[in-house]
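Read the structure below first, then the notes.
These values consider heavy atoms only, across backbone and side chains, with no hydrogens, waters or symmetry-generated copies. Given the structure is predicted, the values throughout are model-derived calculations rather than measurements.
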Amino acid sequence: MADSFDIVIIGAGAAGLAAAQRLASEPLAVALLEARDRVGGRAHTIEAGGLPLDAGCEWLHSADRNPLVPLIEAHGFAVERSTAHWQRRTDRLGISPADAEAFGQAWSDLDARLEAAAATGVDAPAADFLEPGGRWNGLLNAGSGYYNGAAWDEVSVLDYAAYQDSGRNWRVREGYGAAIAALGGPVAARLGCAVAEIDHSGGAIRIVTAKGTLTARAVIVTAPSNVLASEAIRFSPSLPDKVAAAAGLPLGDANKAWLAVSEPQRLPAEGHCFGRTDTAATAGYFLRPFGRPCVEAYFGGALARDLEGEGPGALTAFAIDELAGVLGSDMRRLLSPLIETTWSGDPFSLGAYSHALPGHAGDRAVLAAPVDGRIFFAGEATHPSYFSTAHGAWESGGRAAGEAIAALKGRA
């Protein structure tokens, strides 16, 4: 393969694809490298049981201002604009309307306390602002697992408050992962091309890959924070500040189990329930999304990590047990496995999406900063306010590409 480029992009997830799109209009030689056998990164739609199932990101968050919405629709995908199931308080199964309202209020109250704490400018673990002995603390920690991939004690108050959310959350009928993959194209990705080393000691940057060595004038690195923190991609000379910043922005644990329902009419379309309300070790369940004959079980935090560690089938078995407890033992014969995810064990992500540890809210800016006008960083963990989202990754890729173009033009 050709081995000399102006810019090499490492990673063909949302950030890398956005960078490639931005660079396609420039008179530059560009290569896009992807370790997996597909593009999309943590956006991945799998066809199973005749259904498009999002194994990774699924929701167009802040959809009314999300730059991906018009792009996805322009590619012919259908965007569903109904209210997200988790935003509805009073129609959850297995919990009374009064308790559903009380839990929603507990979440709102915690949010208000966290916003007030962040206004002081002093960082702390978000768990410090749970109501002592609060009835809903277990379920609030479960919610943090879904939202952050970790319990509140691992979440920075300042970082949590920096996230911007319009409250509009929409879906892609054909799958968000399928839509992200469709946005690629201007630069064909070289698949199965894992990067082992980025040697920036000389005049040209050497990128050592599973398929040979390339050289470039500049590199855009979009690898997830856990991959950078583990130094699965080595920098020579080393970049200890980047490794430390990535470690302060770990990808939390989140997984899904999708189940087929043999008698879908037994469940409400677009329904929602929790397995339990008294513990963080519970999943959230989306019943018949789009009216389809399936259930999505969502696991976060320690529960997601522990069940993944138990091996194949553990997520599904847990989900069926919880659903039988909420909806009746008859559910056991109606549910069958479709897919399970294992994001923490995926060597090219090592987790789901980023949160900042207490005291590390500033690490996003550190990770995003260019090095010597030659190495640029993108990915959801580098976005100051849309982190943990595909559109945050997309915006960061465009930003990094712009930085690289300006730097190369400045050296021309």
Side-chain angles (χ1 to χ4, degrees), residues 1-24 26-39 41 184 186-247 347-350 366-379 381-382 393 396-412:
M1 65 182 184
D3 62 2
S4 183
F5 298 89
D6 293 306
I7 300 176
V8 168
I9 305 166
I10 298 172
L17 294 174
Q21 278 208 5
R22 175 68 180 83
L23 293 171
E26 299 289 331
L28 298 169
V30 178
L32 175 61
L33 311 182
E34 172 53 50
R36 295 183 173 91
D37 61 0
R38 60 173 180 82
V39 301
V187 179
R190 299 168 183 236
L191 302 178
C193 196
V195 172
E197 182 180 6
I198 300 170
D199 182 348
H200 56 111
S201 60
I205 300 173
R206 295 176 63 253
I207 302 100
V208 181
T209 83
K211 294 186 174 180
T213 298
L214 295 74
T215 61
R217 298 167 64 201
V219 174
I220 297 174
V221 180
T222 75
S225 57
N226 280 8
V227 172
L228 296 176
S230 72
E231 297 189 81
I233 298 175
R234 300 184 305 277
F235 291 93
S236 180
S238 63
L239 298 177
D241 289 350
K242 295 296 184 183
V243 173
F348 306 122
S349 62
L350 300 177
V366 174
L367 186 59
V371 174
D372 296 332
R374 300 199 300 163
I375 306 176
F376 305 87
F377 292 83
T382 70
S396 76
R399 182 262 306 155
E403 292 171 344
I405 292 168
L408 292 186
K409 288 181 177 179
R411 299 208 306 265

Trace of the side chain to side chain donor-acceptor pair (under 3.5 Å) decision for T209 with R190
CA-CA 11 Å; T209 83; R190 299 168 183 236; over 6 Å; no
Could you go step by step and tell me if V187 and I9 meet the side-chain contact (heavy atoms from CB on, under 4.5 Å) rule?
CA-CA 10 Å; V187 179; I9 305 166; 5.9 Å; no
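- For D6 (side chain) and L28 (main-chain N/O), no donor-acceptor pair under 3.5 Å exists by modelled atom type.
- For R206 and S236, the side-chain atoms include no donor-acceptor pair closer than 3.5 Å.
- Here the straight-line distance linking atom CG of L214 with atom CD1 of I10 works out to 9.5 Å at 0.5 Å rounding.
- Here CZ of F376 is found 13.0 Å from OG1 of T382. Values are rounded to the nearest 0.5 Å.
- A distance-only check finds no donor-acceptor pair linking the side chain of D37 to the backbone of G192 [under 3.5 Å].
- Rounded to the nearest 0.5 angstrom, H200 NE2 and L239 CG are separated by 4.0 Å.
- With a 4.5 Å cut-off on side-chain heavy atoms, V219 and I207 count as touching.
- Residues L17 and G184 share a closest heavy-atom pair of CD2-CA, 3.8 Å.
- Looking at E34, its side chain does come within 3.5 Å of a backbone N or O of A12 through a donor-acceptor pair.
- Side chain of T215 to backbone of D3: a donor-acceptor contact under 3.5 angstrom is found.
- Annotation for V8 and A216: closest pair CG2-CB, 3.7 Å, computed over non-hydrogen atoms.
- Formation of a donor-acceptor pair under 3.5 Å by the D199 side chain with backbone atoms of S201 is found in this model.
- Taking the charged nitrogens against the carboxylate oxygens, E403 and R22 have no contact shorter than 4.0 Å, which rules out a salt bridge.
- Without hydrogens or angle criteria, K409 side chain to A404 main chain gives no donor-acceptor distance under 3.5 Å.
- Taking the six-membered ring where the residue is Trp, F235 and F377 present tilted rings, their angle falling between 30° and 60°.
- L367 contributes atom CG, which lies 11.0 Å from atom CG of D241 (distance to the nearest 0.5 angstrom).
- Taking the side chain as every heavy atom from C-beta outward, P370 and I375 never approach each other to under 4.5 Å.
- Within the 4.5 Å cutoff, the side chain of P347 has no heavy atoms near those of the R36 side chain.
- Considering every non-hydrogen atom in both A246 and L228, the closest pair reads CB-CB, 3.9 Å.
- Summarising the geometry, atom CD1 belonging to I198 is positioned 13.0 Å from atom OG belonging to S238; distances are rounded to the nearest 0.5 Å.
- With hydrogens and angles disregarded, a donor-acceptor distance shorter than 3.5 Å links the side chain of R38 to the backbone of G41.
- Nearest heavy atom pair, residue S225 against residue A381, reads CB-CB, 4.2 Å.
- Across all their heavy atoms, V195 and I233 have their closest contact at O-CG1, 3.4 Å.
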Take L408 and R217 through the test side-chain contact (heavy atoms from CB on, under 4.5 Å) and record every step on the way to the result.
CA-CA 8 Å; L408 292 186; R217 298 167 64 201; 3.9 Å; yes
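- Between V243 and A229 the shortest heavy-atom distance is CG1-O, 3.7 Å.
- Going from atom CD of E197 over to atom CD of E231 covers 11.5 Å, rounded to the nearest 0.5 Å.
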